[in-house]
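See structure below.
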Amino acid sequence: MASAAVAGHSNMKSSHLASLTPQWMNSEVLTGTSIMAVEFDGGVVVGADSRTSMGTYVSNRVTDKLTRVTDRIYCCRSGSAADTQAIADIVSSHMEILEVKLGEPPLVQVAANTFKEICYNYRDMLMAGIIVAGWDKSKGGQVYTIPLGGMMVRQPIAIGGSGSTYVWGHIDAAYQPNMNQEETVDFVRKTLTLALTRDGSSGGVVRVAVITKDGVDRRVFLHNELPEFYQG
Amino acid sequence: MMEVVDNSYPGFQFSNFARNENLVAKGFPMPNSRKTGTTIAGIVFKDGVVLGADTRATEGDIIADKNCSKIHYLQPNMYCCGAGTAADLEMTTQLMASQLELHRLNTGRQVPVVAANRMLKQMLFRYQGYIGAALVLGGVDKHDSHIYSIHPHGSTDRLPYTTMGSGSLAAMSVFESRWKPNMEAKEAKQLVRDAIAGGVFNDLGSGSNIDLCIITKDGATMIRPYDVANVKGQRQGKYEYKRGTTEVLSTTVRPIQIVAETVKKVTVEEMDTA
């Protein structure tokens, strides 16, 4: 696997300089991450933090983990940055060709399945946890989660990444079905803030995108726009 | 027994891995590859981008090259700074430069910076991180000015300012405190110079001079060196000893005796023409 290969590579160094080179220089770039997606009537809301870490160093503090697959389908990326970027590029190009063949935008389920095919068949070589979410005219807003092993399942609400472990309880307690758009955005913003403040590998800003039949509305919430919780 | 290396397939060969491990265990150290310890950086300013790099190449603890060039040409509107394994960087950037030139001829227009980014990330991902090339790609095309940081495993980030290499933390601290959007050229050059200087003076893997490359829509200017930060000191005194410092106790002269002399004529052979 990729991370084992990196460890083998570093055997080459046997000098004083090697011990001075910080650990993160030999680490793969990971998106530590808190990501989530929620369905509502009329579309979906996707959200993510913005931290990319290389060991303990934050290599990008303003990452955009909400990646466009098609105009109405976005994916949230967690895991290895290289793996997820490569997969998203491949699926995006497939969808573009499909759109030309079909004469209409592809369904969210098709995009999610394409992600799943890659993530499952190359599961031993990849480290990718992806949430696919979007709107299409057949089923409206849909969220599909594809965690590490390559399984795919549709859920009304999905969370992922290292920061998600801190908010499973919160979504179980606070999620209500049938929220409207603004309530859903607020819920995503609150949940990600909770995850972000507790998880060391998540941080930066909260990026949110609302996908409906009318298009994509992207928002950024800076530190001062995040809700305040118990800081003890 | 020696194993024959199978060279029939392209790509990296791992057949010597077990043998190398054994040798290291027995006390034969691995030869050090030449690395560019490095501080490289790039920023976006009002009229384009500025790329900067130090000039030290290390082989283990030794400085292999005091003045190597780390800002590589890709296209007239794009340059790439490289950190990591020197050989991998040279080969990757040269390969990319030729691929991009073919792209330009094929499409009949200036290559967009996103194309170089895509090609680089797809190649590095294919090699799963074994090509030790960490790059800061910068360029200006008809759409916009771009800075991309590209990691060995194939992940890329588009950013307004970025640093890479062992001195990247020192350089990044300079950027985080002083970068602002839409800086003027003079200010931008000074900022990149200061960031690289941060790496040169505070990181052992970076040193010597600071090179700069400014790219605007009118073209690229390579300034090598922009700043000679480390001037070799002047020798203060003479360290020669005068004749007679060491006392001569005795002298013996033994001439070389010529025993015999033979003369052999050199025959000039005619060149073989078929």
Side-chain angles (χ1 to χ4, degrees), chain A residues 1-31 50-65 67 77 79-90 92-93 122 124-128 204, chain B residues 12 14 17 20-21 24-25 27-35 37-38 58-63 83-85 88 117-118 121-132 134 148-169 172 176 203-205:
Chain A
M1 219 188 82
S3 46
V6 172
H9 198 60
S10 65
N11 282 340
M12 295 269 282
K13 297 186 193 161
S14 51
S15 67
H16 302 299
L17 210 60
S19 56
L20 291 167
T21 316
Q23 180 55 40
W24 54 262
M25 290 272 293
N26 305 327
S27 325
E28 207 180 323
V29 179
L30 296 173
T31 44
S50 69
R51 179 173 290 185
T52 307
S53 48
M54 245 162 78
T56 49
Y57 179 63
V58 177
S59 58
N60 187 352
R61 60 181 171 87
V62 288
T63 326
D64 185 6
K65 300 180 193 178
T67 305
R77 302 181 291 109
S80 155
D83 290 349
T84 52
Q85 281 181 17
I87 298 169
D89 286 345
I90 293 168
S92 181
S93 110
Y122 292 97
D124 295 330
M125 297 180 259
L126 295 171
M127 190 156 76
Chain B
F12 290 106
F14 297 104
F17 186 73
N20 292 346
E21 293 266 285
V24 172
F28 292 99
M30 283 277 258
N32 295 312
S33 64
R34 182 185 295 202
K35 304 198 116 237
T38 307
T58 49
E59 235 168 74
D61 295 337
I62 306 165
I63 297 173
T85 313
D88 288 347
N117 182 47
R118 271 284 163 118
K121 72 153 34 161
Q122 284 176 355
M123 178 187 142
L124 292 173
F125 183 74
R126 204 171 356 119
Y127 283 94
Q128 286 289 295
Y130 281 99
I131 294 186
Y148 290 93
S149 70
I150 303 168
H151 297 263
H153 283 268
S155 62
T156 66
D157 294 297
R158 185 177 174 193
L159 292 161
Y161 55 91
T162 191
T163 62
M164 286 276 221
S166 55
S168 65
L169 258 57
M172 184 51 95
E176 287 286 32
D203 173 45
L204 298 184

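The chains referred to below are lettered A, B, ... by the order of the sequence lines, with proteins before strands, and numbering in each begins at 1.
The candidate with the highest count of non-hydrogen atom pairs below 4.5 Å against chain A, out of B:Thr156, B:Thr162, B:Val24, B:Asp203, is B:Thr156. Interface remark: of the candidates B:Glu176, B:Gln122, B:Arg158, B:Glu176 forms the most heavy-atom pairs closer than 4.5 Å to chain A.
Annotation: the span from B:His153 atom NE2 to A:Met54 atom CE amounts to 9.0 Å, rounded to 0.5 Å. Remark: B:Phe125 CZ to A:Asp89 CG distance equals 10.0 Å, nearest 0.5 Å. One finds the CG atom of B:Asp157 at 6.5 Å from the CD atom of A:Gln85 (value rounded to the nearest 0.5 Å).
For B:Met164, no part lies near chain A; criterion is any non-hydrogen pair under 4.5 Å.
Across all non-hydrogen atoms, the minimal contact from A:Ala82 to B:Ser155 is N-CB, 3.4 Å.
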